[in-house]
Amino acid sequence: MTITENLILPGLGIAAIGLFAGIFYQAASEAIDRRRYPPQGELVDIGGFRLHINCMGQGTPTVVMDAGAGSPSITWGLVPSEIAKFTRVCIYDRAGFGWSEPNLRVSRTSQQSVDELHTLLNKAEIKPPYILVGHSLGGANMRLYANQYQEDVVGLVLVDSVHENQMTSETWKRMKRELFS
């Protein structure tokens, strides 16, 4: 055997051990985190996967909040608890974020997020009227929701929202590279 062959086999073995150790560590860490940090609200099955929604307060209309791209619902911080002092407020995690499970059957689009939110609100029995609040990408989602379900929406609040013409396929590719690199 040459020196190269003597180095390749042990190197591959070490890499394989490192890979399996990393997979085990990730799985164990996720299990510990799930026990340590359970969902603050409830997980609702909307057809093959579950979305997380957390509602608090009483009153009508219900404020429904959608966080920015790549952000879980908890990024709203203390805002929902302040709104809950005078009406009902619901924050949720889009598929694959926060406590929500991913929906691997379809690509992620604002239309898909709107369809899933509409199903979530119906399955969780959260009745309209709604005031929709969207931050960043959540703003584009909420504008689309308000356009499609006008009879359910009595208000729309956009917080540093993107405009639908901002979100081109090139923008999505760049965001994915930034988020997942």
Side-chain angles (χ1 to χ4, degrees), residues 19 22-57 62-77 79-80 84 88-149 151-153 156 159 161-162 164 167-169 171-181:
L19 175 68
I23 290 170
F24 174 77
Y25 176 81
Q26 181 67 31
S29 296
E30 285 180 13
I32 290 167
D33 284 349
R34 276 192 299 275
R35 281 193 307 277
R36 190 177 294 163
Y37 306 107
Q40 296 174 350
E42 62 179 310
L43 294 171
V44 178
D45 188 322
I46 67 161
F49 65 102
R50 299 178 304 166
L51 292 182
H52 168 257
I53 189 162
N54 184 21
C55 296
M56 56 193 92
T62 298
V63 176
V64 180
M65 303 177 77
D66 190 0
S71 299
S73 59
I74 60 172
T75 59
W76 286 108
V79 174
R88 186 173 192 202
V89 60
C90 298
I91 58 175
Y92 84 105
D93 292 311
R94 288 187 303 276
F97 293 99
W99 287 284
S100 288
E101 298 171 349
N103 178 0
L104 302 175
R105 296 175 301 190
V106 294
S107 60
R108 302 307 315 155
T109 64
S110 284
Q111 183 60 60
Q112 186 62 36
S113 293
V114 166
D115 294 344
E116 291 168 356
L117 175 58
H118 186 68
T119 302
L120 173 64
L121 293 172
N122 285 326
K123 294 246 180 165
E125 298 180 359
I126 300 165
K127 305 291 184 220
Y130 308 125
I131 295 176
L132 305 177
V133 179
H135 169 249
S136 187
L137 175 63
N141 295 345
M142 292 308 204
R143 283 183 57 173
L144 185 58
Y145 192 103
N147 184 59
Q148 291 180 7
Y149 302 101
E151 67 282 355
D152 294 344
V153 178
L156 180 63
V159 182
S161 178
V162 299
E164 58 270 10
M167 302 310 292
T168 64
S169 61
T171 306
W172 276 113
K173 289 175 188 173
R174 188 184 87 251
M175 284 176 58
K176 284 181 183 176
R177 281 193 307 270
E178 291 172 2
L179 287 172
F180 301 111
S181 27

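- Nearest heavy-atom pair across G98 and P72 is CA-CB, 3.7 Å.
- Taking the six-membered ring where tryptophan is involved, the planes of W99 and H52 are tilted, since the angle between them lies from 30° to 60°.
- Of all non-hydrogen atoms in V162 and A140, the two that sit nearest each other are CG2-CB, 3.7 Å.
- A salt bridge links E116 with R108; the closest basic N to acidic carboxylate O contact falls under 4.0 Å.
- Between the N122 side chain and the H118 main chain, a donor and an acceptor come within less than 3.5 Å of each other.
- Taking 4.5 Å as the limit, every side-chain heavy atom of V133 sits out of range of all side-chain heavy atoms of V89.
- To the nearest 0.5 angstrom, L156 atom CG is 7.5 Å from R143 atom CZ.
- Residues I53 and S73 have side chains not in contact (no heavy-atom distance under 4.5 Å, counting atoms from C-beta outward).
- Checking side-chain atoms of D66 against main-chain N and O of G134 turns up no donor-acceptor pair under 3.5 Å.
- Considering all non-hydrogen atoms of both residues, R105 and G48 come closest at NH1-CA, 4.4 Å.
- Rounding to the nearest 0.5 Å places SG of C90 at 4.0 Å from CD1 of I126.
- Nearest heavy atoms, G41 versus N54: CA-OD1, 3.6 Å.
- Of all heavy-atom pairs between R94 and L51, the closest is C-CD2, 4.1 Å.
- By the 4.5 Å heavy-atom criterion applied to side chains, V153 and M142 are not counted as neighbours.
- Taken to the nearest 0.5 Å, the CG atom of L120 stands 12.0 Å off from the CD atom of E125.
- From E42, atom CD reaches atom OH of Y92 across 15.0 Å, with rounding to the nearest 0.5 Å.
- Taking the side chain as every heavy atom from C-beta outward, K127 and T62 never approach each other to under 4.5 Å.
- Between atom CD1 of residue I131 and atom CZ of residue R88 there is a gap of 14.0 Å, rounded to the nearest 0.5 Å.
- Across all their heavy atoms, D115 and Q148 have their closest contact at OD1-OE1, 4.4 Å.
- You'll find the side chain of Y149 stays beyond 4.5 Å of the side chain of L121, heavy atoms only.
- Between atom CG of residue L132 and atom CE of residue M65 there is a gap of 11.0 Å, rounded to the nearest 0.5 Å.
- Relative orientation of the W76 and H135 rings is perpendicular, given thresholds of 30° and 60° on the angle between their planes.
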